[in-house]
Structures are given as C-alpha cells and as structure tokens.
Amino acid sequence: MADSALPALARSAAARPARPAARMPRWLDPSRLIPWLVPAAIILGWQVAGSTGLVSTRFMPAPLDVVRAGWSAAQTGELWVNLWVSFLRALAGFVVGGGIGLAFGLANGLSKLSEKLTDTTLQMVRNVPHLSLIPLVILWFGIDEGAKLFLVALGVFFPIYANTLHGIRSVDPQLIEMGRVYGMNRRELFWRVVLPGALPSIFVGLRYGLGIMWLTLIVAETISANSGLGYMAMQAREFMLVDVVVLAILIYALLGKVADSLTRLLERTCLAWNPAYRNG
Amino acid sequence: MTASSALSFETVTETARTPSRPATGRALSVTLRRLTKAFDGGEPVIRGLDLHMPAGQFVAIVGRSGCGKSTLLRLILGLEEPSAGRISLDGRESRDTGALRRIMFQEPRLLPWARVVDNVAVGLGREGSRAERRERAREALDEVGLTPKADEWPATLSGGQRQRVALARALVSRPALLALDEPLGALDALTRIEMQAMIERIRIEQGFTAILVTHDVGEAVALADRILVIEDGAVALDVDVDAPRPRRRGDPDLAALEGRILDQLLACA
C-alpha cells in the first residue's frame, strides 16, 4: 500500500513545495490562513480602538461587546426566535417569487405565444423599483406577514424570470437540431437539452435573487414588523443598544454568505460537466 | 486507437478484394426524382435532380461553397422539405425511417452535460432499458477506440475524440444510411486521415450506404465508391472510383482523378 501511495505523494509534494512534510491539519496550512490575515487584523485594531477609547463605544461597539450581545440574545432565546422568523419569511418569499419567475421564464422561453402575451407587461413592471411599493403594500397588507412575503417575492421574481428566459433562449440551436434528428420528442428535448443548457443562467438568476431577497427583507423588517432580525435591530436602536444593531447587521451578512455558499455547492454539483464550475 | 486501427487494416485488406460491398448489414438505396429546393421563393438551390444511389454505396458529394450540396444532404435526411420532386429510400417515400438514417455534423454537437457514454446512447432514442442502451453505447465506443473515455465529460476530450464520439452516436443504432456533412473539416490533417480510415473500416464492417459531403477532393477520392460534383444545384460530374481498398495516399491513378475533379470545380469559377 505504501508503494502505491508513493508516486501520488511525491507528486503533491512537488506541486506544493511549501507544505511541510509533517501531518498538519488543513486549516493550519499557511497558504489557507493568508486570506484571513487582513480581517483578523481589522477586528483586532477595532477591538484596540474600542477599549482604549479611541472610538466611542456609543457609536461603534467593540467586537467583544458584539459577541457578548450575541451571547445574551442567544441565551434569552430572542435571537433564535427572530432569526427563525426572518428565515421563514425569506424562504417563503423566495419560493413563491422564484417559483413564479421560473414558471414564467420557462413558459416564455418555450412558447412564442406566451412570450408575446406576457413579456412586455413583465418588462414594464420590472422598471418599478419594488421597494417603492412599500407604502402601498403597507396600505394593502398592513404590517402583516403578507406584506413581507409580497415584497420579497416581487423582488426575487425578476432576476429569476429574466435569467431563466435568457438561459432558454441561448441554448445552442445546433444541439436542439441534433436532438430532433436523433428522434427526441418535445419532452425529452426539454429535459435533456433545453433545461440543462439553461441551467447555468438559471443559477445566475438564483444568486441575484438571493441577494435581493435579503435586501428586501431587511428593508421590509426595518420599516414595518414586530418580529424578525430587522425588528430586533430597530428595537435596539430605540434603546441605543449599538451592540445589538451591529450584531443584527453581522447576522444578515452571515446569512447572505451562507446562502451564497449553498448556491455554489449546488452549482458545483449540478454543473460538474462545465469546466468553469469544476473545483471552482 | 492506433493499435485497434492497425488491426482493422488487416481485416480491411481481406474484405477489400471484392470492392467494399459486404453481404451482411442493412443498407438503404436512395432515389431522387426531379428534386427541387428553393428557399422562400428565391432561386432554386437544387434544380430538378435525378439520382440513384444503390444500397451500400459510398457516395461523395463535392462542390464549392453554396452549390447546394449540404442542402441536398439535409433533404435526403428529411431535415428540409423538398419544394418539388420526390425522395425515396428503398423505393418507399422517405417518411419515418427514423433510426435507419443518421447524420454526422460538421461539429460534434455532443451534450456537454452528459457523459460520453450517455451521449452515444442518445443515438438509441427510447430503445430498450437504460442499462441496455448504455451497454450498446459502450460497444459503439469500443468500435471507435474510446472505451477508456466512456465516463468522462465531453469537455475533457480533444476535437478528434469528440468527433469520434459523434461517430459512435451516429452508428450505435446500426443505421442503414449514414450522412456525413463535412465531419472532418475542423480536424487537423493527421487526425483526419485516422478518422477516414476509421470510417472506411466501420462502413465495410456494417455495410451501410454512406453519403459524404465534403469540399476536400482528396478525402472524397480516398473514401468514395462514386463521386458527384454538384454545380448550381445540378450534377456536373459523376464518376465511379473502383480503386482497391485501402487506398494508398499518393497513388498516381487517384491523384489523376483528384486533378480531374479539381479542374472541373475550378472551371466553373
């Protein structure tokens, strides 16, 4: 066994000469630590500036204060409740808006009639900034869940619709002709040629949609809500709890990052055939 | 690949005594009667063509760009509707012969999201179970010498290998008529010669009728039993090539024939 492992080992050692021979955990590998140097330095400087009084903690809490605020919010359970509420809103809005966007994108990409009928209308509506509808939405739905769902769904709809449509239109017509010549019926053509061909573009829409989802949710929760992360931040502002405000902002950032990483993972699984996404 | 094609050359020399028309395998004859094709009421691209290609013949169609040779191929394959005239395959009107007719395009046209073996299995359509299709696809890949690449993505293959996968896909359903639309045009010279040998060998094994559209006269002379020169949508020259196979590149008789065809093509400039 040692024999067969030898060439592989030798090759990897040649490729990465900096790597020490001793078994070291992957996260301790210096080349993996380099990207984290700058953020660590910033946080350290921030902490020093806060605790030496260089920056007033009334405006910018020190990192340790934020951690402490997070800890106490987690212990009272307030954090989890708000996080869960925000997550459900984001998910519901995304599923509804994304689902409708995908459906319209597919329909308009596949059927000329459907496209003629609805595309112009949708493109016109697209030019309305969806956040400008907030006053109207509050009038319609109050500050209920309906309002948030509507806004998130509307925001998510367009990137997914536009990218799905674009993806289907840009499928290589030569491949479609090949499918026809090789006797595929419309169904097979869709599942084996059109949809996989449109998938990279649909994923682009998915990622844009996720970005808009968080943005819309933050705005909607900040303006009108009685639960959720945005509500938590606004409450904290009332009581001048700067650390909680910063905590909420950081959690939003973290959620955005998690959503993006999940999409990347999904992309890498679904688009493994595409050299651009492999080990990317 | 080199090993398998060297082996196959042996078999070629054996069968080549009787000029390349094996008894086994199925083949379609193609008959065109006053075939005409014009696009959107413009000048006809094909003008009243009368032509008969016996079953099992290897016909090469050469001509300048825009002479209608690709259109002729697409008509025979049923990818275009004739404006007038008839096409019959084995004496029948050419509807629904499905997997009997296959085409190899100038580009490989492989599905980038399907493994090589599944790309070949596309040629089998809905025949049999998925496992059976894959099994047959592997056999076809073996025939073009790409068994080790069966589970790779097409993106990892070279241009010549992709075109070989396309050939396997065209042949996996054992077609009776194979149309080749300049399939080797984009390959480098050496790969092209290897591919020509491969096509020649497989055709002799399987015995299908082959129609090759090309602008490479040398390729036509190397492969075909019969060469048609198309000019302005009509046959300008129709020659039989009865040189024994495998044909040696640089053979003086073949070179003379190549020169004659080139003269014909250049004369109409």
Side-chain angles (χ1 to χ4, degrees), chain A residues 7 11 102 105-106 109-110 112 163-164 166-207 263-280, chain B residues 70 73-80 95-127 130 133 137 151-157 162-163 165-166 168-173 175 177-181 183 186:
Chain A
R11 226 180 303 123
L102 188 69
L106 291 177
L110 296 171
K112 275 267 166 287
N163 283 289
T164 305
H166 169 78
I168 289 190
R169 277 195 190 145
S170 53
V171 173
D172 186 355
Q174 290 192 330
L175 282 184
I176 294 177
E177 189 189 52
M178 185 280 297
R180 288 224 175 89
V181 175
Y182 277 88
M184 290 187 192
N185 58 29
R186 285 180 63 90
R187 228 180 100 153
E188 285 173 303
L189 217 50
F190 174 75
W191 286 109
R192 303 196 60 181
V193 183
V194 177
L195 190 63
L199 212 53
S201 184
I202 295 177
F203 270 113
V204 172
L206 197 72
R207 287 170 82 168
T263 324
R264 267 169 195 271
L265 192 74
L266 206 62
E267 258 176 0
R268 229 179 296 165
T269 325
C270 295
L271 306 178
W273 52 269
N274 191 329
Y277 291 94
R278 217 171 295 144
N279 313 316
Chain B
S70 278
L73 197 66
R74 295 174 67 85
L75 282 165
I76 294 172
L77 269 243
L79 295 179
E80 305 274 359
R95 292 294 110 208
D96 295 323
T97 29
L100 288 173
R101 287 180 294 185
R102 283 293 183 228
I103 185 169
M104 200 176 154
F105 299 100
Q106 193 167 5
E107 319 78 22
R109 302 201 189 182
L110 304 179
L111 299 174
W113 41 83
R115 305 267 176 189
V116 164
V117 63
D118 292 319
N119 260 296
V120 175
V122 164
L124 290 170
R126 289 174 289 275
E127 257 177 67
R130 202 168 164 199
R133 289 201 292 266
D151 297 307
E152 305 268 336
W153 299 114
T156 63
L157 303 183
R162 283 179 213 181
Q163 206 54 298
V165 175
R169 177 180 65 192
L171 293 175
V172 69
S173 62
L177 171 65
L178 178 67
L180 303 141
D181 190 1

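No hydrogens, no waters, no symmetry mates; every other heavy atom, side chains included, goes into these values. All chains are named by letter (A, B, ...) in the order of the sequence lines, taking the proteins before the strands, and each is independently numbered beginning at 1.
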*Under the side chain to side chain contact (heavy atoms under 4.5 Å, CB included) test, residues paired with B:Pro154 that sit two or more places apart*: B:Leu110, B:Asn119
*Is any residue of residues 166-178 of chain A within less than 4.5 Å of chain B by heavy atoms, and which ones?*
A:Gln174, A:Leu175, A:Glu177, A:Met178
*Report, by ascending residue number, the residues of residues 198-207 of chain A in heavy-atom contact with chain B at a distance under 4.5 Å; give 'none' if the set is empty.*
none
_Considering all heavy atoms, the nearest B:Phe105-A:Val181 contact_ = CZ-CG2, 4.1 Å
*Which heavy atom in A:Trp273 sits nearest to a heavy atom in B:Ala155, and how many Å separate them?*
O-CB, 4.1 Å
Tell me, for [X] versus chain A, whether the close heavy atoms (under 4.5 Å) come from the side chain, the backbone, both or neither.
| X | answer |
| --- | --- |
| B:Ile103 | both |
| B:Glu107 | side chain |
| B:Ala170 | both |

*Can you list every side chain to side chain donor-acceptor pair (under 3.5 Å) pair that touches residues 179-195 of chain A, not counting sequence neighbours?*
A:Glu188-B:Arg126
